[in-house]
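All values reported here derive from a predicted model rather than from experimental measurement. Proteins get letters first, then strands, A, B, ... in listed order; numbering begins at 1 in each.
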Amino acid sequence: MRPSMYLYTMQLSEQERIRRDSLVELRKLGIDPYPAAAFDATHRSTELAASFKDGMEVTLAGRLMSRRIMGKASFAEMQDSEGTFQLYLNRDELCPGEDKTTYNVVFKKLLDRGDFIGVTGETFTTQTGEQSLLVKKLTVLSKSLKPLPAVKVDDAGNTHDAFADPELRYRMRYVDLVVNPHVRETFESRSRIIRTIRESFDQKGWLEVDTPVLQAIPGGAAARPFETHHNALDIPLYLRIANELYLKRLIVGGFEGVYEFSRNFRNEGMDRTHNPEFTVLELYVAYKDYHWMMETIETLIGDVCQSVHGKMQANLGGNEINFKPPYKRVTMRDAILEHTGVDIDGKDEAELRSACQSVGVDTDDSMGKGKLIDELFGEKCEHHYIQPTFIIDYPVEMSPLTKVHRDKPDYTERFELMINGTEVANAYSELNDPIVQRERFEEQLKLGERGDDEAMFIDQDFLRALEYGMPPTSGVGIGIDRLVMMLTNQTSIQEVLLFPQMRPEVFSAGPNLKALEEWGIPCEWTEHVAAAGFDSAATLAETSPASLREKMNGYRKKNKLSISALSLEDVESWYSSNH
RNA sequence: GACUUCUUAGCUCAGCUGGUUAGAGCAUCUCACUUUUAAUGAGAGGGUCCUGGGUUCGAGUCCCAGAGGGGUCACCA
């Protein structure tokens with residue numbers, strides 16, 4: 001960890017000390033740097049720019065992002081939730097009377113980049129044609145004590161000194177959002193995508209529901225769950241890896257369509273397409289099959305793209321993707337045949353294993369037929385599907401929750417939507433035969449015994465629900481994070497999650513000043529001894545009195561402390577008081 | 001989890017085969033400046049070179065260990 005990220009409060013940078021001093025000065029002037037009262041703006045920046053006329057009376061609130069001070073007049077940039085707006089501050093306009101404190105002291109000396117202010121004034125256009133606000137009243141709304149990264153953008157649109165370190169950006173997303181406008185745009189797009197889907201589903205009369213995140217049996221997918229413990233019941237509980245089985249119970253219960261934006265949790269690796277928690281949209285609609293679902297999904301994806309880009313096309317890492325429906329349908333068998341020359345039709349496990357080896361796909365003994373086919377597709381085919389394509393008709397062994405194909409008994413009615421070489425959606429004609437479902441679960445159990453640690457658990461209550469009868473149903477899961485990545489041209493999932501998972505940051509507990517005092521350091525020295533790095537009795541004990549004296553006198557000189565220098569006797573007396 | 005690479009001022013980065021007091025731009029501070037826009041001009045301050053060991057007369061630089069990040073791979077969506 002960078003030491004700058006866990007500085008003790010007394011080890012402030014020069015800029016931070018100056019800002020704290022300004023805070024004190026503001027209070028001396030009778031200005032509350034953190035006022036309680038609401039501040040009502042009449043406009044936001046972009047809205048004002050759109051309706052701009054000279055001579056409008058306007059109040060704005062936002063963050064002061066830059067100042068260009070030229071003696072008795074200044075320009076400043078103010079940033080609000082929509083964008084930035086230029087302020088013009090003229091000493092005599094802001095302070096018409098004798099007292100010029102607001103301009104000369106408050107604005108020029110005590111305000112800093114990052115402070116929240118409110119301004120009231122009159123709009124006008126500068127000589128260079130820039131829409132501006134002539135400020136007549138200035139209100140301090142909140143003082144910022146830490147300097148923001150000094151990002152600058154020049155006339156040509158080039159960014160200088162960008163705040164680009166991923167570690168700092170993800171750990172301090174609040175700073176990232178302030179100084180990197182494109183980051184805010186990405187999350188606005190994310191919100192628009194989710195809103196478009198929700199509005200579309202609501203319009204069709206489907207019900208948005210909430211199902212348990214804490215589950216006793218983590219079902220509905222094949223993945224390692226996070227485990228936790230419920231104290232009152234004294235049982236293990238799992239964070240859901242999927243919500244599928246609960247939504248199907250609701251179809252059993254009589255809802256015709258149900259959907260949920262489900263935060264799922266999987267205890268697996270992290271990389272630029274995987275985060276331990278991620279969002280999947282699950283939708284189940286009764287009396288439908290997977291053909292209907294393909295039409296629904298291609299229409300939906302097209303609409304979502306339209307809402308983000310205003311058209312059906314998007315550029316993704318140099319690939320022009322056309323989201324306009326209809327999308328190509330390719331069977332899994334044809335996909336594998338095309339890209340490997342292997343025909344999986346009618347092959348048994350041994351034949352598939354040797355076929356894998358012949359095309360250079362690694363296998364191991366825990367892999368069943370389904371897993372082998374999955375490997376063939378994942379290794380050799382998946383990345384070829386750049387334009388939206390439905391891969392359909394998956395082998396039975398890969399799909400324990402899916403209905404067998406109406407014409408082809410070795411396959412299921414399942415599709416995955418591939419875009420830019422990545423899976424975006426996964427859908428079935430849902431298996432609703434309770435007896436077959438029980439057999440499928442038992443096959444999964446056998447795979448688990450063979451060492452496949454992702455094989456599914458058996459959910460007896462879910463089977464009971466099916467025994468009461470589930471209508472023919474089609475269901476789909478859409479990886480929302482990946483969909484957002486595609487529609488915002490991001491290559492990392494961390495760029496579409498506001499707070500991606502990171503290893504926790506280590507903050508120092510800070511020095512224990514009391515312990516230093518008890519150790520024998522006089523109180524006027526404790527803070528400085530700690531700041532010099534001797535923040536515990538243990539570190540002091542490891543240092544010789546002579547060396548400590550030398551270090552502290554050097555520290556005193558460097559920081560121009562007004563306390564007198566230490567003699568060796570002083571320091572030795574600290575030490576001897578401990579023995 | 002494996003491999004690889006990075007960590008120097010508030011921010012973005014230089015720093016050569018180890019060698020005076022570790023540099024630049026922006027930011028900050030002081031002064032000047034009443035329509036600028038990466039404002040400008042003059043001056044100043046600001047550093048645990050990620051941490052801990054080691055080699056050396058001498059380490060930001062070389063070696064070892066550790067922390068955190070990025071990339072690639074594995075697992076997965």
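- Between Arg169(A) and Glu167(A), none of the side-chain N atoms (NZ, or NE/NH1/NH2) sits under 4.0 Å from a carboxylate O, so this pair counts as no salt bridge.
- Taking the six-membered ring for Trp and thresholds of 30 and 60 degrees, Phe85(A) and Phe52(A) have ring planes inclined between 30 and 60 degrees apart.
- With a 3.5 Å limit on both pairing distances and Watson-Crick or G-U wobble geometry required, the stems of 3 or more pairs in RNA chain B span B:1-7 with B:67-73, B:10-13 with B:23-26, B:28-32 with B:40-44, B:50-54 with B:62-66.
- Taking the six-membered ring where the residue is Trp, Phe261(A) and Tyr259(A) present perpendicular rings, their angle passing 60° and hence far from 30°.
- A donor-acceptor contact under 3.5 Å is formed by the side chain of Gln15(A) with the base of A27(B).
- The existence of a salt bridge linking Lys137(A) and Glu93(A) is excluded, since no basic side-chain nitrogen approaches an acidic carboxylate oxygen closer than 4.0 Å.
- Taking atom P on both nucleotides, U30(B) is separated from G19(B) by 38 Å, rounded to a whole Å.
- If you check distances only, the side chain of Glu167(A) never reaches the base of G68(B) with a donor-acceptor pair under 3.5 Å.
- Between Phe124(A) and Tyr88(A), the ring planes lie perpendicular to each other; the angle is over 60°, past the 30° to 60° tilted range.
- Counting to the nearest Å, the P atom of G1(B) and the CE atom of Met270(A) are 11 Å from each other.
- Applying the 4.0 Å criterion to OP1 and OP2 of C31(B), one finds that Lys109(A) has a side-chain N or O inside that range.
- For U40(B) and G25(B), the P atoms lie 12 Å apart once the distance is rounded to whole Å.
- Distance from the side chain of Gln86(A) is smallest for U37(B) among the nucleotides U35(B), U37(B), C75(B).
- Closest to the Arg272(A) side chain, of the nucleotides G69(B), A77(B), U72(B), is U72(B).
- C50(B) and A9(B) have their P atoms separated by 8 Å, with the value rounded to a whole Å.
- Regarding Arg67(A), its CZ atom lies at a distance of 16 Å from the C1' atom of U40(B), rounded to whole Å.
- Note on Asp21(A): nothing from the nucleic acid sits closer than 4.0 angstrom, heavy atoms only.
- Of the listed nucleotides (A77(B), G10(B), C29(B)), C29(B) has the atom at the smallest distance from the side chain of Ile18(A).
- If you take atom C1' in A42(B) and the same atom in U48(B), they sit 33 Å apart, rounded to whole Å.
- Arg414(A) forms no cation-pi arrangement with Tyr428(A), by the criterion of a distance under 6.0 Å to the ring centre and an angle within 45° of the ring axis.
- If you check distances only, the side chain of Asp161(A) does reach the base of G25(B) with a donor-acceptor pair under 3.5 Å.
- As rounded to whole Å, 13 Å separates atom P of U35(B) from atom CG of Asp92(A).
- The separation between Tyr88(A) atom OH and A39(B) atom P is 17 Å, rounded to whole Å.
- Using a cut-off of 4.0 Å between Lys/Arg side-chain N and Asp/Glu carboxylate O, Glu25(A) and Lys28(A) are scored as salt-bridged.
- For the pair Leu111(A) and Thr422(A), nearest-nucleotide mapping onto RNA chain B gives the more 5' position to Leu111(A).
- Using a 4.0 Å heavy-atom distance criterion, Asp271(A) is classed as a base contact.
- Of the side-chain N and O atoms in Arg68(A), none sit less than 4.0 angstrom from OP1 or OP2 of U36(B).
- Between the CD atom of Glu130(A) and the P atom of A38(B) there is a distance of 10 Å, rounded to whole Å.
- Judged by atom type and distance alone, Gln127(A) does not reach the base of U36(B) through any side-chain donor-acceptor pair under 3.5 Å.
- Contact annotation: Lys152(A) reaches the phosphate of A27(B) (side-chain N/O to OP1 or OP2, under 4.0 Å).
- When heavy atoms are screened at a 4.0 angstrom cut-off, Arg113(A) is found touching no nucleic acid atom at all.
- Ile69(A) comes within 4.0 angstrom of a nucleotide base, judged by non-hydrogen atoms across all strands.
- Using atom P as the reference point in both U55(B) and U20(B), the two lie 23 Å apart (nearest Å).
- U35(B) atom P lies 18 Å from atom CG of Leu133(A), rounded to whole Å.
- Contact annotation: the side chain of Ile478(A) never approaches that of Ile197(A) to less than 4.5 Å [non-hydrogen atoms, C-beta and beyond].
- For the pair Arg266(A) and Phe226(A), the cation-pi test (distance below 6.0 Å, angle within 45°) is failed.
- Note: CG (Asp112(A)) to P (A27(B)) measures 13 Å, nearest angstrom.
- The listed nucleotides are C33(B), G68(B), C75(B); the one nearest the side chain of Met70(A) is C33(B).
- Nucleotides U37(B) and G46(B) have their C1' atoms positioned 28 Å apart, rounded to a whole Å.
- Gln494(A) has its CD atom 15 Å from the C1' atom of A77(B), to the nearest Å.
- In terms of polar N and O atoms assigned as donor or acceptor, the side chain of Thr128(A) never comes within less than 3.5 Å of the base of U35(B) in a complementary pairing.
- Mapping Ser492(A) and Glu379(A) onto RNA chain B by nearest heavy atom places Ser492(A) closer to the 5' end of the strand.
- The separation of C75(B) from G1(B), taken at their C1' atoms, amounts to 9 Å, rounded to a whole angstrom.
- Here CG of Asn243(A) is found 4.5 Å from OG1 of Thr211(A). Values are rounded to the nearest 0.5 Å.
- Ring-to-base geometry does not place Phe75(A) in a stacked arrangement with A39(B) (centre distance under 5.5 Å, plane angle under 30° required).
- Taking the C1' atom of each, G52(B) and A44(B) are spaced 36 Å apart, rounded to whole Å.
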